[in-house]
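The analysis underlying the following values was restricted to heavy atoms, covering all of them including side chains, and did not include hydrogens, waters or symmetry mates. All of these numbers come straight from a predicted model, not from anything done at the bench.
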Amino acid sequence: MVQTAATLPLCLPASVEDQRYFDDVLADRYELFFPELLKITEGDQAGEPFYLAEEPWRVAIREVMGWRTKKDGRRWYRQLYIYIPRKNGKTTTIAGLVLAIPIIEPEARGQILIVAATEDQAKILFDHAKAFIEVSPVLQELYFVTAEEIEHVATGTKIKFMSGTELGKVGTNPSVIIVDELQEQTKPDLLAKLVTGTGTRKQPLSILIGTRGQEDDTQDVYWIKWLKKAEKTLANPATNPKLLPIVYQTDEEADPGDPSTWYAANPTLGAVLDFDTFAGIWEDMKDDPAERAFFCQYHLNMKRKAYSEAVDLKAWNELVESFTEKDLKGKIAYAGLDLGLTSDMTAFALLFPFWKKVKYKDEHGRMKEAWHVTFKQLEYFWTCQAAVDASEKKIFRYKPLVEAGWLKIAGNRTMDYNQIGAEILSICSNFKVQACGYDRFQAHEMAPRLAKKRLTMVVVPQTSLSLSAPYVRHKEMIQAGDIKHRGNPMFVENLRNARVSYDKKQNPVILK
């Protein structure tokens, strides 16, 4: 399944359509402004007229600027939401629109604000507008440019940039608001504050631009709220008739290496976005799990399944240490085993405790000694060949991990438990394994077989209650820096997809 923008114009109910009309003359003026007054400022085509790509920019500009209210002829749309992957020309297009508005629809002492999470980010779009002026003698006569603002001389309309944190320092009365890189915004009241200041403007316009951002446990972050609002509007435009959403994204089931997926997510591919360059980016990034995920997020707006990070992955990644099995040979260890069947995987982990005396001051300031334990962790993963093949069309591929030795293949269509059992016994022979906790699923043969080899097997039910305490302890170990590991990317991906919620007493509940 591939999701893209709905066909424009949006179909509104007849009762709403009766309130508006389309002004072809104004739409034409905005469209023609680009090739007639703007020239491309970068790359091989620098100096050539700037023609709008048909999808989505020509259509979007005509829609948002052409639709008018019958009551007073003002713009119908108050908000333009643009959710599209990187390098599709959104920054240059909106920079051109910013210059077009004061010329085509002049407003005395208008104020156009470009806002982003940081001032440097906001300045990028501002600098694109400046570059258009610098290569155009006509625009140079119409606009006065300084390092911090652009002024339309005839009306006194000013174009400024600022970070979201500066809003409280500036008295604003914006006529047009551009929020760039919406996914980076952390202030939920940002747009509300800006829109409040537009009360005296006749036809204010808010333009929100972004790509896919980072997700969190609640899925309640600023950019996700806006994406959900846009998706709801695309499904039923009557819910937000003054919002024009432009949404290009793909879901996790799409093949990130298939050109049809590229075209679906990137409407300017082959026009603004060079196909060969894009294909080269994919080739460079596809085999590294982290880079592949980056490609899917930023170049495909790939919609990943919801997950909650159960631990702080940044903290976990800072605990990487270089050690080998040989370094731990003969040490006491505690094991855990979870068996998979087909698309799942089998995981076996060893935790090695190391005790040492530490000194501390008690509540009376007296020096005391106590035993403190730290840990080292080893992880082993197995899957079948069918699961490796199936992962080739997913964001997270198994093949590079197999090649790097982090993941082993055991079986063709299903797991080969004989192979896995033999390899687990071989691993355990190097250490003093005290016990192995295991989940009963698929373990009715494996557990007795390992027990016969004098490996103490202990059932650990996979319930929220039984997993809660170990989860809390593991999280404490990470926060305190009391556990070291080798940075196994397969284990990191499992941590990334672990889900946790909290009950009414704020006790963690592990979701299976």
### Message
For Ser260 and Asp258: C-alpha separation, side-chain torsions, deciding distance, then whether side-chain hydrogen bond (donor to acceptor under 3.5 Å, both in side chains) applies.
### Response
CA-CA 5 Å; Ser260 65; Asp258 187 341; 3.0 Å; yes
### Query
Under the side-chain hydrogen bond (donor to acceptor under 3.5 Å, both in side chains) criterion, do Asn301 and Gln297 qualify, and how do the steps go?
CA-CA 5 Å; Asn301 269 356; Gln297 177 179 343; over 6 Å; no
### Message
Measuring only between side-chain heavy atoms, which start at C-beta, is Thr383 closer than 4.5 Å to Met415?
### Response
yes
### Task
Decide yes or no on ring-ring contact (aromatic ring centres under 6.0 Å, His included) for Trp282 and His299, but give the supporting numbers first.
CA-CA 9 Å; Trp282 165 249; His299 292 288; over 10 Å; no
### Query
If you measure from the Lys or Arg side-chain nitrogens to the Asp or Glu carboxylate oxygens, is any gap between Arg397 and Glu392 under 4.0 Å?
yes
### Close side-chain approach of Leu26 to Arg68, heavy-atom, < 4.5 Å
yes
### Query
Should Trp406 and Phe381 be marked as a ring-ring contact (aromatic ring centres under 6.0 Å, His included) after you check the CA-CA gap, both sets of side-chain angles, and the distance that decides it?
CA-CA 7 Å; Trp406 295 113; Phe381 294 93; 9.3 Å; no
### Task
Examine the side chains of Gln183 and Glu181 and answer whether a donor and an acceptor come within less than 3.5 Å of each other.
yes
### Task
Evaluate the criterion ring-ring contact (aromatic ring centres under 6.0 Å, His included) for residue pair Phe278 and Phe295; output intermediate values, then yes/no.
CA-CA 10 Å; Phe278 193 87; Phe295 179 90; 5.4 Å; yes
### Message
Checking Asn236 against Thr239: is there a side-chain donor and acceptor pair closer than 3.5 Å?
### Response
no
### Message
Tell me whether the rings of Phe126 and Phe161 are parallel (<30°), tilted (30 to 60°) or perpendicular (>60°).
### Response
tilted
Output a table of donor-acceptor pairs, distance under 3.5 Å, between side-chain atoms of residues 32-47 and any protein atom two or more places apart or on a different chain; print 'none' if there are none.
none

### Message
Less than 4.0 angstrom from a charged side-chain N to a carboxylate O is my criterion; do Asp28 and Arg62 meet it?
### Response
yes
### Query
Looking at Asn88, Val272, Ile84, which hits side chain to side chain contact (heavy atoms under 4.5 Å, CB included) with Asn266?
Asn88
### Query
Under 4.0 Å between a Lys/Arg side-chain N and an Asp/Glu carboxylate O for Asp72 and Arg74?
yes
### Query
Does a side-chain heavy-atom distance below 4.5 Å link Tyr83 with Ile246?
no
### Query
So do Met490 and Phe396 actually touch side chain to side chain, heavy atoms under 4.5 Å?
yes
### Query
Is the shortest heavy-atom distance from the side chain of Ile159 to the side chain of Glu149 under 4.5 Å?
no
### Task
Using a strict cut-off of less than 4.0 Å between a Lys/Arg side-chain nitrogen and an Asp/Glu carboxylate oxygen, indicate whether Glu253 and Lys394 qualify as a salt bridge.
yes
#### Entry: 4.5 Å side-chain heavy-atom contact, Asp24 and Phe22
yes
Taking only distance into account, with no hydrogens and no angle test, what donor-acceptor pairs under 3.5 Å do side-chain atoms of residues 131-142 form with protein atoms, sequence neighbours excluded?
unit_1	atom_1	unit_2	atom_2	d
Ser136	OG	Leu139	N	3.2
Gln140	NE2	Ile133	O	3.2
Gln140	NE2	Glu134	O	2.9

#### Entry: Pairwise side-chain contact, Thr155 with Glu107, heavy-atom cut-off 4.5 Å (strictly under)
no
### Task
In plain terms, say whether Glu231 and Lys228 are close enough for a salt bridge, that is, a side-chain N and a carboxylate O under 4.0 Å apart.
no
### Query
In terms of ring plane angle, is the pair Phe275 and Tyr263 parallel, tilted or perpendicular, where the classes change at 30° and 60°?
parallel
Output a table of donor-acceptor pairs, distance under 3.5 Å, between side-chain atoms of residues 9-21 and any protein atom two or more places apart or on a different chain; print 'none' if there are none.
unit_1	atom_1	unit_2	atom_2	d
Glu17	OE1	Arg20	NE	3.1
Glu17	OE2	Leu12	N	3.4
Glu17	OE2	Arg20	NH2	3.1
Gln19	NE2	Ser15	O	3.2
Arg20	NH1	Tyr77	OH	3.2

### Message
Can you confirm whether Val492 sits close enough to Trp316 that some side-chain heavy atom of one is under 4.5 Å from a side-chain heavy atom of the other?
### Response
yes
